[in-house]
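The chains referred to below are lettered A, B, ... by the order of the sequence lines, with proteins before strands, and numbering in each begins at 1. FYI, side chains are in, hydrogens and waters are out, and symmetry mates aren't considered; it's all heavy atoms of this structure. Values in this document were obtained by computation on a predicted structure and should not be read as measured data.
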Amino acid sequence: MENRFELVSESRTVHQVEKLAEGNSHHDSYFKMLAKRFLKHKMAVIGVVIFTLLILMAILAPVIATHHPAEVTADFEAPPSADYWLGTDEVGRDVFSRLVYGAQVSIIVGVGAVLIYVLIGTVLGLVAGYFGGFIDALIMRITDIFMSFPYFMVILVIVSIIGPNVGTITLVIGFLGWPAVCRLVRGSVLSIKEMDFVQASISVGYSTPKILFKQILPNVMSPILVNATFGVANAILLEASLSFLGMGVRPPASSWGNMLSQAQSLTVLSSEPWLWVPPGLMILLAVLSINFIGDGLRDAIEGETNN
Amino acid sequence: MKMMKKMGIVAMCLVLLVLTACGGKKSSDGGKKSDKDHLYIGLITSPGSFNPLNTLDVSGRFVQRYMYDALLEMPEPLTFSPKLADSFETEDNQNYTIKLNKEAKWSDGQPITAADVVFTYNLIANPVVETTRGLAVSSLEGTQASGKLEAGLTEIPNLIAVDDQTVTLKTKVPVDPNYLKEVLGYGIFILPKHVLENEDPAKLANASFAMKPEVTSGPYQFVDYKKDSLVELKSNPDYYLGKAKIENVYFKIMNSANMATEFQSGGLTMNASGGIGDITFQDLETVKKMDNLEVTMSPNLNAYVMPMNIEVFTDPNIRLAIAHAINREQIVEKLLKGNGEVIESIYTSQNPYQNEKLKTIEYDVEKAKEYIKKSDYDMDREINLVVPLGNKVREQSANLIAEDLKAAGFKVKQTTYDFATLMEKGRAGDFDLMLFGFGMPVDPDATSYYSIDGSANFTKYDSSKNEALLLAGKEEVDADKRKVIYDELQELWQKDMPVLPLYSPKDVKVKDKNLEGGITEFWQGSLENVNQWEMK
Amino acid sequence: MRKYLLKRLLIAIPVLIGVTICSFIIVNLAPGDPVDMYVNPDATLDQIEMTRAALGLDQPMYVRYFKWLGELFQGNLGFSFATREPVMDLLADRMGATLLLMGVSLVVGYLIAIPLGILSAVKQNTWIDYLTTGGSFLGVSIPSFFLGLGLVYIFSLQLGWLPTGGMATLGGDSSLVDQIKHMILPVIVLSASICGNMIRYVRSSMLEVLKEDYIRTAKAKGLKSMMVVIKHGLRNSLIPIITVIGMDIPKLIGGAVVTEQIFQWPGLGQLTISSISSRDYATLMAINLLSAIAVLGANMLADILYSAADSRIHYD
């Protein structure tokens, strides 16, 4: 939670949107151009490959894992061996299998939470920006309130009300994360609203939802996409931190964060590295790959590729 | 606009200035002292407060014992030695006479007298005073079961300061003198009347003496407390039993996982152990290898148990099935690394009331399956195993228990809650199996855990024979006869199995080899001679 | 300008009240009765009720909220359930520790990030640029607890150079050197992400500025390229940098929960966690209020700095 790529500055977003509006009628070629620019960004491509592998790992976890993640084997705290590729933990569970299943948690929370908050943020942002006035003021104050909340407490309380599991963490991060998207969308809508093609639609008498979702939304998609990508990385980090503190996903479910929490011990830290280095590296790898993807996307959209 | 710019720069400079000023701030008074003057004690749980009347956490009591003296010490279970009191005697088990040490005085120089003792007991019984020690005075005349005075009384009758050094008191009925010595003599710290008599009793819990005690009776005096970080004490120069040899005591509050690291870096002289300052068993081997440290182990009174919800597991057969399905030996061997014992009742091997003839509930999956067949329990029902946070071994044992139960054919789901939530779920009966720790005193009374009216009986265990025995045990005065009653109770509990006793980890005591003193075999009695502790 | 500030302040008040209402509800919705944390397990009903009354929990929620609000307007934050001392005292102590840690981390982070970001932009597509950009990605992507544990492993356990945690050596001479030693590792962990984030902003805004005509002109005039960058570029890329600073300031209050936990730094983060588990409502409310004020204050400060940095922005 301490690491956050935040939004691009508002002025740039607006600038960005104008560019998009011009290209509105040539969507196909625009996306082709984006893809071309994105592919030029080597690190982003590597990021896509790694993230795809992680997704595959999560989906195929039952096939890849050598043991059931909760199974207690005969060996406790055993070093890596042919039977246990990454050794076993303090409760005799296979670390490799837990690592593989941990990918499920990270990806579900990362992607799930962001989907939720992008949805909420986009709808509220569209509404606030388009209608303005009292509705806008109200939504923006709610946004302020949400932004001022201390994450941890809210998460803990909600988690303990609904019950601590992956779904809860996803929902909570999702419900708390929307204000940034909302502000971003609102800002874009404010500028697009004044443009000719929207004004024209209004004068022709298009229905409000149609204008909002068919005309305005496609034009704010790109910044949302960039924001969402970085958001996935942040959500994964947040989940890992919460689980590390014992407030997120709890055993027997395995999460990279809760696997690392046992490393706060002299013995594990100094003589049982298989218990803490692999989950740490997995989190780093996942977050890094997504951040690279996000960077590639942003550069592609802004036309700032390294050329 | 230029002005704004300047303001911005000024603001930035101010921020920097404040930061550097903070950076230079000294956290405590300087002055180099040799290592012989410092005792660093590792503690995991931060003391709640230093109000002897209203503390329930063990670590708060532990720290208070450095600052406040009680009438008696208890170096061994049910063996008492004089502290503030020279003697604590009775001839009929109902009328008691307490003689105080003439030399005893408060840290401000005032003598500690019988009036202070009477004042303290009356404060506890005062209906407007917040206290957690009510039970201790509840056997005195004129008090209710909660320890509060009966309506119409303003003080405890027959609690009399005969002269400056003599107190007499009378219990409602004859009681085991050892019981009274433990709860009243050892369990209550005497408070300074001349300091507290002007405070509003109703607001005593929030008074400054609760957090910053100024006038105390013990070998050490309060200096500073930073919650979750440290407690600092210094020796009381005029301590009536001799000034402490170690000048400063620091309680370092930390995560148990960090304790080994602190020992390695020399940041700790000893750990508090006793469930409030334990090193993890995982780190034990690592610590044993360190040359400058001495590691000893001893059994303690704490029992880790698994209450079963009788409303769910109505048939004793299914409860016995669960008991046989769980490999408790494995928990002791693998998680405690052999440093503990499997227990068959809530009384551990250190408790004189343990029934040694109790049979072992062996780990036997086949037997478990037989019991399952005998019961009408629906095996498709998912068992909710509720686990409290806060004790690593207990959290880990939940995984082993769940897997054991699955192996016997049960369906199990683990749910982890923090302590406050767990208590609520427990009270509401919103669990099937639960992991819990019973912090037992030496006195065997277990009414609160096993009686249907007991506030910590989450199982809803209700048996008339049990209630009768519990009552008889509580009221019996003779120690041998009590033992017979509790032996019978333990057999009954094993047959009815409302609570499966799991294990009791040993107290692990780590200390610097140069420290003479430290935690003893019987944890509760460790601080008897804390003023004699010395760094060689 | 003054009018604008006044307006912002007026808007901030209902927002703050909104935050307190929401937090009050959330805190009180938490399962588990706080009284359970403060009485013996074998307490009688009388004792439980007495403690409940002493903690002020015997009244309905809305009454307690208005009481709390009333006390707040008199500058009183109530007393901590856990220690019974005024919350104000408890907070003041912890806030100092957190401010010190986060403040130093922010300053260190910026001092490294701003020159590196500029350098990386000026030397775009050289190995310096790649190294800096790569490092900044690593900084924002590495989980603080993983970095923290790794640093403890290397510098405390293997090399024995630095302490593993705490704020100062207890009973030591509490010198500045000692305190700095205790701060090095947590500051590295915290400034890694702060710095990584900032580098990205500085670099991209610098790149944008460098493309502007007036910089090209200046360059063409033969001014030394570094001077140009610093004189014109930096000033014009101030806005995005201020934005990041504005977002970082609330971290002064609540940004270091995990790091404080790992390094046993006695700050607000640790207090938050222990107050949650002991259901210390009064302390939790105070922490919430404080962090809300920090966010709102930072937003406002950022706006003021915008206008100071860029005369084109006016507030009416």
Side-chain angles (χ1 to χ4, degrees), chain A residues 67-78 88-95 97-98 152-153 155-169 242-255 258-272 275-276, chain B residues 254-265 279-290 327 330-331 333-337 384-407 412-422 424-425 430:
Chain A
H67 295 76
H68 186 275
E71 179 195 328
V72 176
T73 68
D75 298 290
F76 285 60
E77 290 174 74
T88 60
D89 68 6
E90 297 144 306
V91 197
R93 296 171 301 205
D94 183 54
V95 174
S97 308
R98 291 183 74 69
F152 269 102
M153 197 198 63
I155 289 176
L156 179 93
V157 172
I158 300 179
V159 163
S160 42
I161 293 171
I162 321 178
N165 58 45
V166 181
T168 317
I169 307 290
L242 284 169
S243 301
F244 176 78
L245 293 173
M247 295 183 170
V249 178
R250 287 168 180 172
S254 69
S255 129
N258 75 27
M259 291 175 79
L260 252 160
S261 71
Q262 58 192 358
Q264 281 174 298
S265 136
L266 179 61
T267 310
V268 173
L269 207 53
S270 55
S271 53
E272 294 169 359
L275 285 180
W276 66 281
Chain B
M254 61 182 70
N255 210 318
S256 65
N258 288 321
M259 211 166 255
T261 323
E262 285 282 329
F263 271 115
Q264 195 190 36
S265 63
I279 196 155
T280 61
F281 289 100
Q282 203 179 19
D283 285 334
L284 193 56
E285 287 308 312
T286 316
V287 169
K288 274 183 180 167
K289 282 182 207 138
M290 297 176 193
N327 188 349
Q330 188 185 35
I331 299 174
E333 283 311 311
K334 300 290 191 182
L335 300 183
L336 302 178
K337 317 281 180 206
N384 185 13
L385 170 63
V386 172
V387 188
L389 282 172
N391 178 309
K392 204 175 170 195
V393 169
R394 183 168 54 197
E395 286 166 41
Q396 291 174 341
S397 74
N399 297 311
L400 299 186
I401 290 169
E403 289 301 303
D404 284 342
L405 289 173
K406 281 182 199 158
V412 190
K413 174 183 85 174
Q414 271 169 262
T415 323
T416 317
Y417 293 118
D418 68 354
F419 189 75
T421 314
L422 180 103
E424 188 174 271
K425 301 277 176 193
D430 188 5

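- Residue B:E285 does not touch chain A at all, counting heavy-atom pairs closer than 4.5 Å.
- Among B:V387, B:D283, B:T261, the residue with the largest count of heavy-atom pairs under 4.5 Å with chain A is B:D283.
- No part of B:K289 comes within reach of chain A, as not one of its non-hydrogen atoms sits under 4.5 angstrom from that chain.
- Chain A is approached within less than 4.5 Å, heavy atom to heavy atom, by B:L389, B:K392, B:Q396, B:N399, B:L400 from residues 388-402 of chain B, ordered by number.
- Between the side chain of A:T267 and the main chain of B:Q282, a donor-acceptor pair closer than 3.5 Å is present.
- Rounding to the nearest 0.5 Å places OG of A:S270 at 7.0 Å from CD of B:Q264.
- In this structure, A:R93 does not pair ionically with B:E403, as no charged nitrogen and carboxylate oxygen lie closer than 4.0 Å.
- A distance of 6.5 Å separates CD of A:Q264 from CG of B:N258, quoted to the nearest 0.5 Å.
- Considering CG of A:N165 and OG1 of B:T416, their distance stands at 11.0 Å, rounded to 0.5 Å.
- Atoms CD and NZ, on A:E90 and B:K337 in that order, are 7.0 Å from each other to the nearest 0.5 Å.
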